[in-house]
There are 2 protein chains.
Amino acid sequence: MGRWEPNARERLERAALALFVERGYDATTVAEIADRAGLTKSTFFRHFADKREVMFGGPDALAELFSDAIRTAPPSTAIAGCLAAALESVAAAFTPDRHDLAGQRRTLIATSSELRERELLKLARLGSAMADALRARGADDTTARLAAEVGVLAFSTAFARWAAPENRQPFIEIAHAALRDLQAAATALGADAEPRS
Amino acid sequence: MGRWEPNARERLERAALALFVERGYDATTVAEIADRAGLTKSTFFRHFADKREVMFGGPDALAELFSDAIRTAPPSTAIAGCLAAALESVAAAFTPDRHDLAGQRRTLIATSSELRERELLKLARLGSAMADALRARGADDTTARLAAEVGVLAFSTAFARWAAPENRQPFIEIAHAALRDLQAAATALGADAEPRS
DNA sequence: TAAGTGATGACACCAGGTCTCATCACCGGC
DNA sequence: GCCGGTGATGAGACCTGGTGTCATCACTTA
């Protein structure tokens with residue numbers, strides 16, 4: 001892995017994930033990651049804004065996929081249908097061959113509050129993008145925000161279940177089930193009477 | 001403000017807020033904050049785990065208030081009623097005299113993605129605490145998570161509206177209205193038919 | 001062969017954050 | 001009134017994340 005080999009970014013991502021799994025996120029130095037990739041600290045920060053970002057290279061595109069799916073859904077589609085369409089649009093990214101990788105990534109994020117923070121920021125951006133897309137379809141503010149939150153919740157729980165080691169079900173099915181459950185829960189919560197006590 | 005004056009923590013919080021407002025979060029150094037408070041960098045980090053945390057001293061107690069309120073609600077109370085009780089339990093913290101301070105804090109957080117990340121982490125912990133409390137009351141997992149998310153959403157939008165400069169309404173009213181709107185939106189979302197297209 | 005371009009390395013630098021040790025005020029016992 | 005203990009602080013070394021600058025190298029095109 002010499003200095004001028006291609007795929008510097010990928011090499012850095014792989015080296016980072018490996019080292020994080022070996023020694024933990026905090027105990028791993030950016031210089032060490034760069035070393036293992038045959039590069040230097042300077043180059044690392046040319047490819048990633050900060051140390052956390054090396055774990056979130058892909059999912060940045062998710063927000064676009066989500067909002068595009070919502071925007072291009074047929075006008076007659078109800079809001080829940082938009083959410084389903086959004087989930088379907090990203091399902092292609094979760095193929096069985098990426099399953100193990102996703103699992104490692106998930107357990108790592110769970111161990112570091114620094115990584116957890118970054119994940120929450122990404123999910124919040126995802127939610128904002130969805131809410132914007134829903135408002136663009138004419139949904140009122142409150143509905144758009146709630147629906148976006150439900151969409152994010154459906155996505156993250158579906159992803160967690162899909163990435164679990166023992167899981168063999170395809171992402172799309174898990175996601176639909178999660179969304180369906182949430183919709184039912186929303187009905188129950190909405191129908192909930194005001195406290196009478 | 002000599003070395004042995006009391007209230008070091010408060011002095012640091014005040015100095016930090018003032019400097020952040022003057023120069024912005026990024027342009028302010030921890031050493032400068034400590035200087036203005038008549039203390040040193042060492043002491044700052046003895047009171048706050050990191051630079052962000054100086055902005056989140058109070059709200060850490062919110063999670064406890066929320067889950068306590070949910071746990072101690074009468075058993076007959078419906079889930080929406082639990083959320084309302086939780087919001088009521090923290091309303092005492094948002095008195096008119098803290099209004100301006102909260103506004104400054106809010107605009108600051110909006111300007112720094114570092115602070116936004118931390119806020120999201122706090123809100124996520126709040127949501128987890130609420131979900132735990134709801135599960136302890138017998139709610140199933142999906143319902144608990146959704147309801148907690150709705151509770152967090154109600155709280156954060158209510159807080160944003162309450163902290164707006166032109167607002168004069170008490171927090172509790174705004175919070176109830178936000179929760180009511182969200183409940184209505186949940187009904188609509190739940191009733192949403194499956195996509196037929 | 002020579003100039004230009006883009007990615008990289010080397011290095012200096014700053015700020016956040018940790019750690020250790022000395023110092024000072026205060027408190028209680030004698 | 002002196003003395004030792006305790007707790008908060010100051011001082012400063014140190015590491016790492018992150019930024020900026022400049023030189024270097026490979027590859028391309030004329």
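Letters go in sequence order (proteins before strands), and every chain restarts at 1. Only this structure's heavy atoms are used, side chains among them; waters, hydrogens and symmetry mates stay out.
- In this structure, the CG atom of B:D26 is 13 Å from the P atom of D:dG18, given to the nearest Å.
- Between A:K41 and A:R46, it is A:R46 whose nearest contact on DNA chain C lies nearer the 5' terminus.
- Candidate nucleotides C:dG16, D:dG18, C:dT8 were compared by shortest atom distance to the side chain of A:R52, and D:dG18 ranks first.
- When distances run from any side-chain atom of B:D50 to the nucleotides C:dG17, C:dA10, D:dG17, the shortest one goes to C:dG17.
- Residue order along DNA chain D, read from the 5' end via each residue's closest nucleotide, puts B:T40 first among A:T29 and B:T40.
- Donor-acceptor pairing under 3.5 Å is recorded for the side chains of A:H176 and A:E88.
- For A:S42 and C:dC11, a side-chain-to-base donor-acceptor distance below 3.5 Å is present, hydrogens and geometry of angles not being considered.
- Ring pair B:F94/B:F171 is tilted by interplanar angle, where 30° to 60° counts as tilted.
- A cation-pi geometry, defined here as NZ or CZ lying under 6.0 Å from the six-membered ring centre and within 45° of its normal, does not hold between B:K51 and B:F44.
- Atom CG of A:L115 and atom P of D:dG17 are 13 Å apart (whole Å).
- If you check C:dG9, D:dG10, C:dG16 against the side chain of B:T43, the one that comes closest is D:dG10.
- Of the candidates C:dG17, D:dT9, C:dT8, the closest approach to any side-chain atom of B:A8 belongs to D:dT9.
- Distances shown here put every side-chain N or O of B:H47 at or beyond 4.0 Å from the OP1 or OP2 atom of D:dA8.
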Any chance you could lay out the ring pair (Phe, Tyr, Trp, His ring centres under 6.0 Å) test for A:F155 and A:F66, step after step, and finish with the verdict? CA-CA 10 Å; A:F155 170 72; A:F66 267 65; 5.6 Å; yes

